[in-house]
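When reading the values below, keep in mind they use all heavy atoms of this one structure, side chains included, and skip hydrogens, waters and symmetry mates.
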Amino acid sequence: MNCAYYVLFRVPCFVPSLIVPCFKARVPKILVPARPTCVLCRASCLTETCSCRAVPVLCHVPPGPLATFSCGTQPPCRHLLLAISPAAKKGVYGRVLCNRNYVAKDINFGVGARAAMLQGVSEGRNVIIEKSIGNPKVTKDGVTVARSIEFRDKAKDVGANLVKQVAGATNKAAGDGTTCATVLTQAILTEGCKSVAAGVNVMDLRSGIKMAIDAVISDLKSRAQMISTPEEITQVASISANGEREIGELLARAMEKVGKEGVITVVDGNTMVNELEVVGGMKLARGYISPYFVTDPKTQKCELENPLILIYDKKISDMNSLVGLLELAVEKNRALLIVAEDVERDALAMLILNKHHAGVKVCAIKAPGFGDNRRANLDDLAILTGGEIISEDRGLTLDKVKEEMLGTAKKVTVSVDDTIVLHGGGDKKLIEERCEELRTATGKSAATFDREKAQERLSKLTGGVAVFKVGGASEVEVGERKDRVTDALNATRAAVEEGIVPGGGVALLYATKALENLKTENEDQRRGIHIIQNALKAPTLTIASNAGFDGSTIIGKLLEQDDVNFGFDAAKGVCAAFAKTGEYVDMVKAGIIDPLKVVRTALADAASVSLLFTTTEATVLVNSDDKNKPPSRVPNMDSLGY
């Protein structure tokens with residue numbers, strides 16, 4: 001071998017090989033080791049990731065005048081100096097360049113672009129989050145952690161934003177499983193980038209991954225079990241709440257009280273313990289207009305038994321328009337509830353005067369909501385109580401109101417903040433038709449606000465409202481527990497909707513067997529299926545590793561079993577000689593279960609974003625100057641909890 005110099009290049013560790021173009025007439029050949037190893041940590045790039053994220057490539061450079069320039073690798077690797085001739089220097093810049101720096105933007109291409117973004121995907125395990133305003137937030141919620149991650153390096157930040165997108169999409173669709181989606185995304189991305197760097201056809205790889213995802217989802221659906229009993233609901237909620245059974249029991253009781261479609265609201269409590277408050281009937285977020293309507297001074301509430309209910313969509317200021325209604329209430333010896341946009345001046349004074357001096361049981365409240373939402377709430381109230389909306393658009397005025405136009409209910413309780421209507425006198429058939437309309441609107445609505453309002457209206461008509469008050473010794477503890485309660489609630493709803501599968505990552509692990517006999521057209525598609533097979537092992541491997549066990553050994557033993565419910569309970573066992581021993585159990589019988597919707601959504605979202613990542617050939621990044629950047633006057637909304 002007639003050569004004078006040997007030089008080391010540095011390339012990202014996940015690149016199994018590198019072909020460097022020969023310099024014209026100056027470099028006779030390029031030598032690349034069959035299994036390059038890192039000179040710093042001695043790790044093989046074909047078997048494991050080296051700690052310095054770089055591998056050496058041996059190059060043959062002819063003798064000549066020496067010039068030096070940086071190899072262009074990113075930290076944490078140190079730059080190595082390359083000794084070449086000036087003539088060869090131009091060839092390197094022209095043929096091996098993967099980064100171009102412009103005044104306002106950095107543009108990265110190919111392997112370099114994916115490598116920089118992948119570093120952002122692989123980092124970010126924080127669970128204590130500093131806020132610019134207020135106390136630090138402690139959480140185990142995957143989407144909350146993902147949203148808090150920011151990098152100074154723009155390329156890393158782009159990669160982290162991809163993970164935020166996965167976690168956000170999963171949280172929006174299923175309400176839970178964001179951590180699982182993040183783990184799956186990292187596993188698919190890492191293997192996908194290796195394959196693309198090795199020269200695999202990207203489109204065939206994409207087809208193989210899609211084929212594998214469809215097969216896994218079909219396998220999961222075939223093994224799902226529907227749930228309905230309170231004990232099963234308790235198990236699902238407890239697992240999602242990190243094993244806190246008290247939360248699971250309270251959520252199961254709330255769902256039993258208000259039904260599957262009822263509203264369960266999670267709020268901060270004022271005590272050390274968790275509390276559950278269940279309100280039946282329709283709850284309106286409006287209290288009495290004047291405290292003079294109070295009938296019980298002790299509780300400061302106005303209670304009306306079997307009242308007549310007037311529903312009016314305008315303001316009432318003329319007292320003469322209410323004379324006929326008051327006479328009707330006195331004649332029938334019944335209480336009167338007035339629901340209107342507002343009751344003002346003389347009209348309000350007349351109602352208070354008749355209550356205190358004439359003994360008429362009457363109360364007035366403002367109509368809940370604003371704009372179109374207010375009109376929709378009045379329509380729901382009219383259907384629930386069997387009354388009509390008195391509106392000038394329908395040619396109806398207050399002086400033309402008859403008894404059959406008024407709604408009825410067995411009991412109405414009005415406080416300073418809200419009104420509860422129990423056992424309305426509306427037609428059951430009409431109520432069910434309205435509920436079906438709201439279910440359809442909930443499914444078709446694209447806007448989150450409209451969907452939530454439709455769901456809230458549906459719950460008021462069908463069952464009631466349950467309020468879960470989260471307790472704790474400090475604000476930080478309440479916030480952390482509130483995140484777990486919200487995840488548990490969303491997981492419970494998802495389990496009731498589509499059923500459950502064995503938890504602990506076991507359902508995904510056994511789904512790898514469904515991919516073994518999947519037919520492909522070429523080896524690149526087979527490589528895509530192999531990537532998903534490896535990624536499906538990541539959740540179980542992560543759980544076992546976090547608990548201090550050898551994940552590879554556990555996965556090997558589980559895959560030898562034929563029972564798809566057989567799994568590893570890392571939380572069980574005894575401590576002997578400072579070593580914890582887990583237990584192999586039937587996951588369903590042990591109560592370790594996951595909602596199918598959560599697992600399915602996490603896998604689909606992770607694969608979708610990963611496919612976009614692996615087909616990325618360039619990144620365009622804003623090259624901002626942080627030193628001269630003026631401070632922003634707009635606060636960070638994520639830090640404020642929005």
Side-chain angles (χ1 to χ4, degrees), residues 12 14-17 19 46 108-115 117-118 121-122 158-159 161-163 165-170 173-174 177 180-224 501 505 507-541 559 596-619:
F14 51 76
V15 183
S17 60
I19 300 176
L46 301 182
N108 300 301
F109 300 95
V111 173
R114 288 188 292 271
M117 290 189 293
L118 190 61
V121 174
S122 303
V158 169
N161 286 332
L162 288 174
V163 178
Q165 182 180 348
V166 175
T170 304
C180 178
T182 304
V183 171
L184 289 172
T185 301
Q186 181 180 352
I188 298 175
L189 281 180
T190 303
E191 294 294 326
C193 288
K194 288 182 181 180
S195 299
V196 174
V200 173
N201 186 290
V202 176
M203 302 314 297
D204 287 338
L205 186 72
R206 182 188 185 96
S207 299
I209 291 177
K210 284 187 174 181
M211 193 185 308
I213 294 297
D214 293 340
V216 170
I217 292 177
S218 299
D219 182 69
L220 292 175
K221 289 182 177 180
S222 65
R223 293 191 280 119
V501 292
L508 293 175
L509 180 63
Y510 287 127
T512 58
K513 296 182 178 180
L515 303 179
E516 293 177 354
N517 299 323
L518 206 59
K519 295 182 179 180
T520 58
E521 296 179 359
N522 51 53
E523 287 299 322
D524 290 346
Q525 290 185 359
R526 171 57 58 182
R527 176 60 183 166
I529 295 176
H530 183 66
I531 288 174
I532 298 300
Q533 281 182 312
N534 291 337
L536 295 179
K537 302 174 184 178
T540 303
L541 183 66
L559 290 177
L596 169 62
K597 184 177 181 179
V598 171
V599 178
R600 174 182 61 80
T601 305
L603 179 61
D605 291 339
S608 176
V609 174
S610 299
L611 286 174
L612 294 176
F613 188 102
T614 53
T615 55
T616 298
E617 282 300 323
T619 59

Side chains of [X] and [Y]: does their closest heavy-atom pair fall under 4.5 Å?
X	Y	value
Val196	Val200	no
Arg527	Glu191	yes
Ile188	Leu611	no
Met211	Ile532	no

Does the pair Asp219/Arg223 count as a salt bridge with the N-to-O cut at 4.0 Å? yes
Measure the spacing between CD1 of Ile529 and OG1 of Thr520 and express it to the nearest 0.5 Å. 5.5 Å
Do you know the tightest heavy-atom contact between [X] and [Y]?
X	Y	answer
Ala224	Val501	CA-CG1, 4.1 Å
Leu205	Gly192	CD2-O, 4.3 Å
Gly528	Ile209	O-CG1, 3.7 Å
Leu508	Pro539	CD1-CG, 4.0 Å
Leu189	Ser610	CD2-CA, 3.5 Å
Ile531	Ser195	CD1-OG, 3.6 Å

Donor-acceptor pair, distance only, cut-off 3.5 Å: does the side chain of [X] make one with the backbone of [Y]?
X	Y	answer
Arg526	Gly208	no
Thr512	Gln533	no
Ser608	Ala604	no

Distance-only polar pair, side chains of Asn201 and Asp524, donor-acceptor under 3.5 Å: no
Evaluation steps, side-chain contact (heavy atoms from CB on, under 4.5 Å), between Gln186 and Thr182: CA-CA 6 Å; Gln186 181 180 352; Thr182 304; 5.8 Å; no
Output, in order, the C-alpha distance, side-chain angles, deciding distance and verdict of side-chain contact (heavy atoms from CB on, under 4.5 Å) for Leu536 and Leu509. CA-CA 6 Å; Leu536 295 179; Leu509 180 63; over 6 Å; no
I'd like to know whether Lys537 forms a side-chain contact (heavy atoms from CB on, under 4.5 Å) with Leu559, so could you lay out the CA-CA distance, the side-chain angles of the two residues, the decisive distance to 0.1 Å, and finally the verdict. CA-CA 10 Å; Lys537 302 174 184 178; Leu559 290 177; 4.2 Å; yes
So for atom NZ, which belongs to Lys513, do other residues, nucleotides or ligands contribute more than 12 heavy atoms lying within a distance under 6.0 Å? yes
